[in-house]
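Below is one structure, written out as structure tokens; comments come after it.
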Protein chains: 2
Amino acid sequence: MNAPTSVIGTAAATEANAFLSLANGDRLDIEAIRQHVPVRRCKHAAGQGVYHAGQPFLALYLVHSGSYKTCELADDGREQVTGFRMRGSLMGTESIGLKNYSCDVIALEDSEAWELPYPAILRACLHLPELQAYITGALAAEVRSDRSWMLMLGTLAAERRVAAFLLDVAARYAHLGYSAKHFILRMSRIDMASFLALKHETVSRALSRLHDLHLISVQRREVQVLDVDGLRALAGSGLVLN
Amino acid sequence: MNAPTSVIGTAAATEANAFLSLANGDRLDIEAIRQHVPVRRCKHAAGQGVYHAGQPFLALYLVHSGSYKTCELADDGREQVTGFRMRGSLMGTESIGLKNYSCDVIALEDSEAWELPYPAILRACLHLPELQAYITGALAAEVRSDRSWMLMLGTLAAERRVAAFLLDVAARYAHLGYSAKHFILRMSRIDMASFLALKHETVSRALSRLHDLHLISVQRREVQVLDVDGLRALAGSGLVLN
DNA sequence: ACGGTTTGTAACAGTCTGTAACAGCGCGTG
DNA sequence: CACGCGCTGTTACAGACTGTTACAAACCGT
């Protein structure tokens with residue numbers, strides 16, 4: 001608590017050129033793409049949707065700032081958060097090959113995503129073979145990440161899932177140049193719970209428990225990681241990073 | 001029970017040309033690929049692995065006959081079945097972009113998969129643009145399928161998961177030209193349970209319960225669907241097909 | 001026919017859930 | 001700027017479902 005909250009939000013990533021980064025470390029400069037694809041910057045208020053299931057699939061979206069959640073929904077009303085997206089994440093790839101988007105994407109806070117019209121991307125792939133490879137690689141990474149979470153959800157108890165989730169969030173912040181030990185969760189307990197296949201009360205209890213065990217310090221959405229190794233021991237070692 | 005078991009296994013798909021079929025209905029003839037890619041037919045006995053996590057990523061595999069399971073595993077020994085593959089399914093795509101495979105693939109019965117060396121595939125993509133599109137589309141479909149299962153696992157109780165699973169299996173058999181109402185499960189209760197994030201006893205109970213409700217008739221691995229609508233009502237309507 | 005594996009059933013225990021009440025924070029309104 | 005409402009988050013307790021453990025039966029390959 002005596003850590004200045006001001007460090008939160010000190011990003012290495014700035015307004016400077018965005019990039020598309022891949023699991024293998026490859027980075028594709030967005031500027032190269034801009035020469036072939038008309039990019040529109042889209043701002044989204046907290047709670048606002050980027051696209052919804054059923055709408056015509058027209059573009060991919062690159063997260064530039066803020067954060068988003070992807071939601072899967074069934075015709076009978078059931079819904080499930082299937083992932084959280086931060087800067088550098090390419091959204092909409094799951095709908096490639098379809099006429100319409102297959103899921104919803106919603107901003108968790110005031111955010112910005114860059115719209116990349118898909119037909120233009122297809123044309124750009126002819127000029128930029130590495131763009132094609134990038135998209136394929138990003139999709140493969142998405143599959144691996146999803147499978148990794150299936151492993152978590154299928155094998156870990158509630159408390160451990162929450163620990164694994166916090167470690168994942170921490171790693172993602174670290175990757176973006178933010179602190180991995182002190183951060184603000186951008187999603188509600190309900191969204192976390194949905195993603196982790198738990199109830200929000202269970203998530204609350206688990207977080208309180210991790211707090212009591214001195215593994216973390218948590219106050220509403222502000223989290224400090226006090227014992228990374230302890231968390232790792234609970235979560236049972238690594239997750240495939242996005 | 002009085003239905004002749006001989007109908008099981010009467011396939012529309014035969015030794016004739018294999019094909020790669022996509023969610024949008026596209027089919028890519030394997031013969032076109034064979035002109036660019038050296039295909040090796042690999043037979044696998046029940047329980048035998050096709051590839052394992054950590055081994056160098058060298059090839060994709062197209063299921064020609066039989067069935068396989070894909071397994072995710074953590075360093076601490078936890079493991080989880082993340083999917084079942086049948087004829088027409090392309091395996092290994094999740095490892096594109098990596099030096100090594102990220103998961104295990106194991107044959108559930110005596111099966112055959114066709115090995116497609118990845119470097120040759122990459123070269124073939126230059127001559128066959130639809131192959132590139134196919135692989136991208138297959139990956140996107142995989143993401144959608146996985147997310148669909150996340151929704152199931154996150155929102156359905158045990159009995160409903162099993163119902164949804166049976167409907168999925170039925171649909172896949174139907175797609176291959178087999179009966180959707182009478183089939184043999186190729187995987188053990190343990191594999192089913194792992195995939196559904198349950199214990200095998202729970203799967204047994206759920207199957208017995210569905211039997212008692214006259215929705216299915218089940219005897220060990222032989223399943224007959226007696227009431228599709230009843231099952232659908234339980235499972236809460238559709239799954240994104242692979 | 002045999003032993004090992006897979007599957008089914010049961011009783012018990014445990015975790016997670018459901019419900020409820022309350023507290024804290026944000027936000028709009030007056 | 002204060003107030004009050006609503007949403008979010010926390011905690012407690014009872015209860016339901018699933019997991020656990022144990023054992024028996026059916027099946028399989030040798």
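The basis for the numbers below is simple: all heavy atoms, side chains too, and nothing from hydrogens, waters or symmetry mates. A, B, ... follow the sequence lines: proteins, then strands. Residue 1 opens every chain. Computed from a predicted structure; not experimentally measured.
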Does a side-chain N or O from [X] land closer than 4.0 Å to OP1 or OP2 of [N], or not?
X        : N      : result
B/Arg220 : D/dA26 : no
A/Arg221 : D/dT8  : no
A/Ser208 : D/dT11 : yes
B/Ser204 : C/dT9  : no

What contact category does A/Leu198 fall into here, base, sugar-phosphate, or nothing, at under 4.0 angstrom with non-hydrogen atoms? sugar-phosphate
Answer yes or no: is there a side-chain heavy-atom contact under 4.5 Å between [X] and [Y]?
X        : Y        : result
A/Val39  : A/Leu62  : no
A/Met187 : A/Lys69  : no
B/Leu166 : B/Val218 : no
B/Cys103 : B/Tyr51  : yes
B/Phe165 : B/Met152 : no

The side chain of A/Glu201 lies closest to which of these nucleotides: C/dT17, D/dT20, C/dT19? C/dT19
Closest to the side chain of A/Thr202, out of D/dG9, C/dC16, C/dT7, is C/dC16
Round to a whole Å and report the spacing from [atom1] of [X] to [atom2] of [N].
X        : N      : atom1 : atom2 : answer
A/His200 : C/dT19 : NE2   : C1'   : 10 Å
B/Arg209 : C/dG8  : CZ    : P     : 16 Å
A/Leu156 : D/dT18 : CG    : P     : 19 Å
A/Leu210 : D/dT11 : CG    : P     : 12 Å
A/Gln219 : C/dG26 : CD    : C1'   : 17 Å
A/Ile190 : C/dT17 : CD1   : C1'   : 15 Å
A/Glu222 : D/dG9  : CD    : C1'   : 15 Å
B/Lys199 : D/dT21 : NZ    : P     : 10 Å

Presence of salt bridge, B/Asp212 and B/Arg209, under 4.0 angstrom: no
From the list A/Val169, A/Leu198, A/Val81, A/Val203, side-chain contact (heavy atoms from CB on, under 4.5 Å) partner of A/Met192 resolves to A/Val203
If we fit an axis to the first five pairs and another to the last five of the helix from C/dA1-D/dT30 to C/dG30-D/dC1, what angle do they make, to the nearest 10°? 50°
